[in-house]
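Everything below concerns the one structure shown next.
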Amino acid sequence: MAAKRKLHEPGNSSKNNVGPLAKKGHWSLGLKASMDDPELRVDRDEMVVIIKDKYPKARFHFLILPHESIPNLKALSRDHLPLLKHIEKRGVELAEKSSKALKFRFGYHAVPSMSHVHMHVISQDFDSPCLKTKKHWNSFTTDYFLDSKDVIEQIEQSGKVAVDQSNAGQLLKNPLVKDFCQSTLHWCSVQPHVSQLFEQHLVSQEHFDFSV
DNA sequence: GTTCTAGAAC
DNA sequence: GTTCTAGAAC
């Protein structure tokens, strides 16, 4: 029997190709492949690898992953504090190098889709065509986004990270505006793509002052 | 994580 | 008719 061949193979164009790794594993392991992708890799040291997010949600959006394979935030303990602090330090350095004008945040998604703990380094312009959905927006602007600083502090105090999974899921579905308006207005400048998203959800921009 | 799509909602 | 959403596939 001849091997089945797809008539159409999206994502297999030369540009989108992940590289020599022809067969990719389950999608949730994608970060593992990205770590080895020279196109995405920014830097590495003895503890971490720094890559560009494949679908950046802002002008600067990086991921910092430890070589050590840590499945999720629940697996973190006091043993990881030196690593977590190193990750944050590398993130801050990277942000300063990337842009002095833009504000950045450093942190973790409460319930990430991709396995292997990774810290996001993301500028707060949110100016990217990849930022398309309410879920995207909420994952970076609600409590779904856990600041590295707070994660570290929590582990120092209690030895672990508490994540309310059901609540986290709900955060992604929440309406865009109210949380945004109350808590994130002061540090966020909103760019056209986001404005579009807001319009889509019937939010009037008149309610907001988008200047920093 | 993204993309595609059927069904709901408008 | 269009837009929005949730679910499955990848």
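Chain identifiers are assigned alphabetically (A, B, ...) following the order of the sequence lines, protein sequences preceding nucleic acid strands; residue numbering begins at 1 within each chain.
Not one side-chain nitrogen or oxygen of A/H136 sits closer than 4.0 Å to the OP1 or OP2 atom of B/dG1. The side chain of A/K135 contributes no N or O atom lying less than 4.0 Å from OP1 or OP2 of B/dG1. Between A/K132 and B/dG1 there is no side-chain N or O to OP1 or OP2 distance below 4.0 Å.
The salt bridge (charged side-chain N to carboxylate O under 4.0 Å, His left out) pairs that include a residue from residues 139-151 of chain A are A/R105-A/D147, where partners are two or more places apart or lie in different chains. Within the structure, ring pair (Phe, Tyr, Trp, His ring centres under 6.0 Å) contacts touching residues 79-106 of chain A (residues at least two apart or in different chains) do not occur.
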Which atoms of nucleotides 8-10 of chain B (N or O only) lie under 3.5 Å from a protein N or O atom, and what are those distances?
none

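Summarising the geometry, the separation between NZ on A/K173 and P on C/dA6 is reported as 6 Å, rounded to the nearest angstrom. Between the CG atom of A/L29 and the P atom of B/dT2 there is a distance of 16 Å, given to the nearest Å. Taking atom CH2 on A/W137 and atom P on B/dG1, their separation rounds to 16 Å, with Å as the unit. Here B/dT2 presents its C1' atom at 10 Å from NZ of A/K54, a figure rounded to the nearest Å. The nearest whole Å value for the distance from the NE2 atom in A/H61 to the P atom in B/dG1 is 9 Å. At whole-Å resolution of the value, NZ in A/K134 and C1' in B/dG1 are 19 Å apart. With rounding to whole Å, A/F62 atom CZ is found 18 Å from B/dG1 atom P.
Within the 4.5 Å cutoff, the side chain of A/N138 has heavy atoms near those of the A/L172 side chain. Considering only heavy atoms from C-beta on, A/L146 comes within 4.5 Å of A/L73 through its side chain.
Taking A/S123 as the reference, A/D125 meet the side-chain hydrogen bond (donor to acceptor under 3.5 Å, both in side chains) condition, with sequence neighbours excluded. Qualifying ring-ring contact (aromatic ring centres under 6.0 Å, His included) partners for A/H118, counting only residues two or more places apart in sequence or in other chains: A/H120. Take A/E39 and apply the side chain to side chain contact (heavy atoms under 4.5 Å, CB included) test, not counting sequence neighbours, and it matches A/D37.
Stacking here means ring centres nearer than 5.5 Å and ring planes tilted less than 30 degrees, and by that measure A/W27 stacks onto B/dG1.
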